[in-house]
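As structure tokens, the structure follows; a few thoughts come after it.
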Amino acid sequence: MYGDDSMNNNSTPDAVGRVATPATRAIGLLAIATMAWVVVSGLFLTPEDAIQGDAVRIMYVHVPTAWVAYLAFIVTGGASLCWLVKKTPTLILDRVAGASAEIGVLFMAMTLISGSLWGRLTWGTYWVWDPRLTTTAFLFVTYVGYLAVRGLGGSPHQRAQRSAIIASLAVLEIPLVHFSVVLWRSLHQSASVLRPNGDIKMDGLMLFTLFSGVIAFSLTFLWLVMHRQRLLTLRDVIEEKGLEAAIRERKDGT
Amino acid sequence: MSIGTTWRVARVVATKDLRIEMRSRVVANQVLPFAGLVLIMFAFALDDDILLERVAGGLVWLATLFSLFIVVQRSFGIETADGALDSIRVAGVDPAGIFLGKALALVVQLLILEIVLIGGAVVLYRVRVEPASLVLLVTCLLLATLGLAFVGALFGGFAAGIRGRETLLPLLLLPAIAPVLIGATKATEAAFGISGMVTSEGWPWVGLLAVFAAVFGVGGLSAFGPLIEE
Amino acid sequence: MSIGTTWRVARVVATKDLRIEMRSRVVANQVLPFAGLVLIMFAFALDDDILLERVAGGLVWLATLFSLFIVVQRSFGIETADGALDSIRVAGVDPAGIFLGKALALVVQLLILEIVLIGGAVVLYRVRVEPASLVLLVTCLLLATLGLAFVGALFGGFAAGIRGRETLLPLLLLPAIAPVLIGATKATEAAFGISGMVTSEGWPWVGLLAVFAAVFGVGGLSAFGPLIEE
Amino acid sequence: MNTASVVEMRDAVVVYGDFPALAGVTLSVVGGEILLLQGANGAGKSTILRACAGLVPIVRGTAEVLGTDLRIDRKSVRHRVGLLGHSNGLFSDLTVRQNVTFWAQLVGAGEEEINDALDRMGMAGRLADERVGALSAGQKRRCSLANLVIRRAELWLLDEPHAGLDGRGRDELDSILRQAVTAGATVMIASHEIERSRNLATRTVLVSGGRIKEVS
Amino acid sequence: MNTASVVEMRDAVVVYGDFPALAGVTLSVVGGEILLLQGANGAGKSTILRACAGLVPIVRGTAEVLGTDLRIDRKSVRHRVGLLGHSNGLFSDLTVRQNVTFWAQLVGAGEEEINDALDRMGMAGRLADERVGALSAGQKRRCSLANLVIRRAELWLLDEPHAGLDGRGRDELDSILRQAVTAGATVMIASHEIERSRNLATRTVLVSGGRIKEVS
Ligand code: HEM
Ligand SMILES: Nc1ncnc2c1ncn2[C@@H]1O[C@H](COP(=O)(O)OP(=O)(O)OP(=O)(O)O)[C@@H](O)[C@H]1O
Ligand SMILES: Nc1ncnc2c1ncn2[C@@H]1O[C@H](COP(=O)(O)OP(=O)(O)OP(=O)(O)O)[C@@H](O)[C@H]1O
Ligand SMILES: [Mg+2]
Ligand SMILES: [Mg+2]
């Protein structure tokens, strides 16, 4: 359907050129730098945990990815709400929402993986039916669903409308995940909830590393979203071209 | 549109749905046998009263959940079978009313099912429900059902609007109703006094259910229009 | 008609059904989430490994059963949606072939599901399957699935032939497949070594499954024609 | 009879997936017209009607129906248009009367409208209490038309309305449409019953390849 | 052209539930005829065709089709009869070609028959690989007709075959039927397109109230 002219037309290539701007380059470099520091400090400088040993180092990935995933989903929700409130003709908000959700799903997956690996080391199993774990899993599925809705097709406007509504409902799940621990602990008398915060002695460096981890992942998030958003813009441009071609084809045909 | 209109439309739609169900008995004949089977099967699978008691709560709500899918699918199947949904959309009917009507019909059908299930659990699994915890049980039933119905109506309608909907519905529905399932299970277990839970422990969960129902009630009323009309 | 024809028709029908499923993914996207949910919800409802192990067998087959309904309904839904069943009947196609084809398509879909379910049970419920009992498990799977598919194809086709079929199917299906459910559960539990059962205890049940499959296989081949054509 | 423009399309494009069913339709219909859309299978007639009903979004060009711009708002116009599509939109488990009553209640029509619509379409009496699922093809179509009649729409969109109807039904339909027009409504018909439709229509356009080819 | 009696009904009665859709139909069709069943909505035309295809049991009277008594055996005749009903009998998730191929394989028709049928119905090319669910109403009908053509039936039963088809499609259909007849087949058509069908038909009967009223 997409005629070749749509691929090598004059607007697309320099649009590709524009995907990377000084701003994104700077952010990218910053992200890499901080990430490097987290790796070094996380793996070598920070002390190993009394009980957990080296396993504790997973925290520097696990926690930041979790929190940044939250951030991503909140950004998605925010952008979606804005779009719903004042229907801007441009779909920039919609694309930001989409891009942010994609990265969020990515990070949530990292949380799940790092978490279950950590669990293997500390609890001896990859998975426990802990409320935090379960709710996290559902949050993950929710946003996979959100992305599926984005993939439904239809006009870009339709896509924006649908996904924005789903997103503004989905974001409400985050508090559920966050407070799941509290909720359950206060209710569920059988101590099925394992929160190891207590037995991690957070010394200064560990805390600093943890938070530089948060910063590093946040920067990475920002960097990826900016790129992704621009790529989505380009994809819409290409689809436009494809549509033009299709229309021309149908006009010529018959 | 005015609340009056919304409510009138809701009544008309709900009546229509329930009448169709009365005529065709599709849901009843599909769902109730299911439900019964779940209970009996488990009575089989673990013939041990203590165990049975422990799973009772979870089973009741799991069965309800399955039924939700069937009920929701049927509920919007009748709209899409002969293109009635298009006609409704063209008729410019207040979508909030449609949403409410659909949800109401779902509530009625689900409640009947749940009562059967709880009854079954009481008989087969010898769970005891003290009068004290009866209040808890009933509130839990009502709120959980409301929540499920709202979610079902919202996403069911959304999915019905687009091709390849069947593939989408579970993906949207499952994570959304998981909290209800958990909350309702816990509350029910508390009401059943399972594994030493006392009634008071159930109420916080009922609170969760209430919040959920409220969120999706409001969300549905406002979002249903945009969702199906696009 | 000749066995050759029967077999040719069966292949054509089965290919068609599977191709439609590949295209629409209705069953996959409806059934697998279901199945997954059953396992997860239970694991959550009773987070207690011993208990989980005990219910594992029952759950796997209960989930399969639910899926059977959906799969069968879909399988004949595509025939009735636009009156294709009438066309098939008029085309004077060998009914035995249709039956076999439908059953084959069901077998494929069910097997995939069961493998997912067993896999899930192994991961989530930490069920252990010794190599020794693997043979038992596989035979059990195959025979049980055959039995379910035959029953499903037979009654599904019968119910599809007449109005208000949905209301009929479960009532026909449930009692017929109860034996499969029990036999398969017991055999699986033996294979899982649940509650001290040893593999050898499983084989008699597998025998039951074999008999069942045989009966409904032969019965279906001969009865399907009369059933759908009237 | 108002002669204001009721439908105003300029290069309107409608896509299904990535297929442009309408590839730039320019069409204007004024009040009181009975416009016949004629064209080959797959030309885009049904899509034009569905677009006018606000059921499918216009992704290019402009489209105004009854004064509202469909690009901005596809909903507010809907309760003023009535669409008879290829499918009947009936609930087969309800009786004819129950079906019509359902729509009547939704659009706020009363008993007498219902009865009037029913016996205009010859569905009064025994048939009124028959399950729709137990009707013949043409009877279903008549029931669907009854649903449309009670709408008292300003813009009637009819997709092959004559198909399935017997001679008397067709005459009845035509007179209903003529009355509607004299009552101030506007009508668009997509049909392959050229002769009959031409007698009915005040103007005919040819749809071809997702565009309006020639206006005769 | 054989002039043996192909359909022979005497006081045939068909009931739906407790409603006698056919209340004693007496009708005889000889080989090579193109019989037009004409009549009001709900008269019983479709039911007659479905009865001839052995889809509904005859509860009173006698009915012979292609020499077999339907009272005794409704099945053995079926593979010699082709029915085009109100519904198309298509699988909307398959492409046009996949649909036709499915039927071809069931009735043992080959590639060239398939291709021939497809481009006779103008469904070759792009449309052949289009999902049926994504077709226009008339295109679906054409696909359904292609399924019928490959059947090479001895008795063709067509229920409103012209509905939904555009002009060219109708002409094509008529020529297909005429060829089928010259090739020795017999055709029964239920239709409301009186003019066109009359030109096509060699004989017309009026169905009314579940009986054959007058034979013109
Ligand atoms: C698959 C398994 C796991 C998942 C899905 C998971 C998920 C999460 C999520 C979503 C958060 C963010 C919580 C919030 O702030 O709202 C979090 C935080 C955290 N997780 Fe995990 N986690 C898993 C396993 C583990 C394990 C095995 C450990 C340690 C033994 C662990 C320790 C922590 C800590 C220390 C935090 C940050 C402090 C806090 O949130 O209280 N997690 N996890
Ligand atoms: N499934 C059914 N159950 C009960 N009654 C039916 C059923 N189908 C048709 N009828 C009744 O049988 C009668 C004849 O139906 P039939 O479809 O043969 O009419 P027809 O001549 O084909 O009409 P049309 O021109 O509208 O297609 C009608 O009065 C109808 O109400
Ligand atoms: N749901 C759909 N998805 C994809 N393409 C579609 C869909 N519906 C229609 N089309 C395509 O759009 C084009 C126009 O369809 P439309 O139904 O408007 O034609 P039409 O003029 O009504 O034809 P007919 O006379 O057969 O009803 C057709 O080529 C068809 O293949
Ligand atoms: Mg059309
Ligand atoms: Mg008919």
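Chain identifiers are assigned alphabetically (A, B, ...) following the order of the sequence lines, protein sequences preceding nucleic acid strands; residue numbering begins at 1 within each chain.
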Tell me, for E:Ile194 versus chain D, whether the close heavy atoms (under 4.5 Å) come from the side chain, the backbone, both or neither.
-> neither
Just wondering, more than 12 heavy atoms not from D:Arg60 lying within 6.0 Å of its CZ?
-> yes
Would you mind telling me which of E:Arg168, E:Arg196, E:Glu193, E:Glu160 has the largest number of heavy-atom pairs within less than 4.5 Å of chain D?
-> E:Glu193
Find the one option among E:Ala163, E:Gly39, E:Ala40 whose heavy-atom pairs under 4.5 Å with chain D are most numerous.
-> E:Ala40
Would a 4.5 Å heavy-atom cut-off, applied to side chains only, mark E:Arg170 and D:His192 as touching?
-> yes
Greatest number of non-hydrogen atom pairs under 4.5 angstrom with chain E, of D:Gly42, D:Ala43, D:Gly17, falls to D:Gly42
Per-residue tally against chain D (heavy atom, under 4.5 Å) across E:Gln38, E:Arg126, E:Glu195 peaks at E:Arg126
For residues 37-52 of chain D, which residue pairs qualify under salt bridge (Lys or Arg N to Asp or Glu O under 4.0 Å), counting only residues two or more places apart or in two chains?
-> B:Asp86-D:Arg50
Would a distance-only check, ignoring hydrogens and angles, find a side-chain to backbone donor-acceptor pair under 3.5 Å from D:Asn41 to E:Gly169?
-> no
From the list D:Ser46, D:Gly164, D:Ser191, D:Gly44, the residue making the most non-hydrogen contacts under 4.5 Å with chain E is D:Gly164
Per-residue contacts, residues 134-145 of chain E versus chain D, heavy atoms under 4.5 Å = E:Ser136, E:Ala137, E:Gly138, E:Gln139, E:Arg142
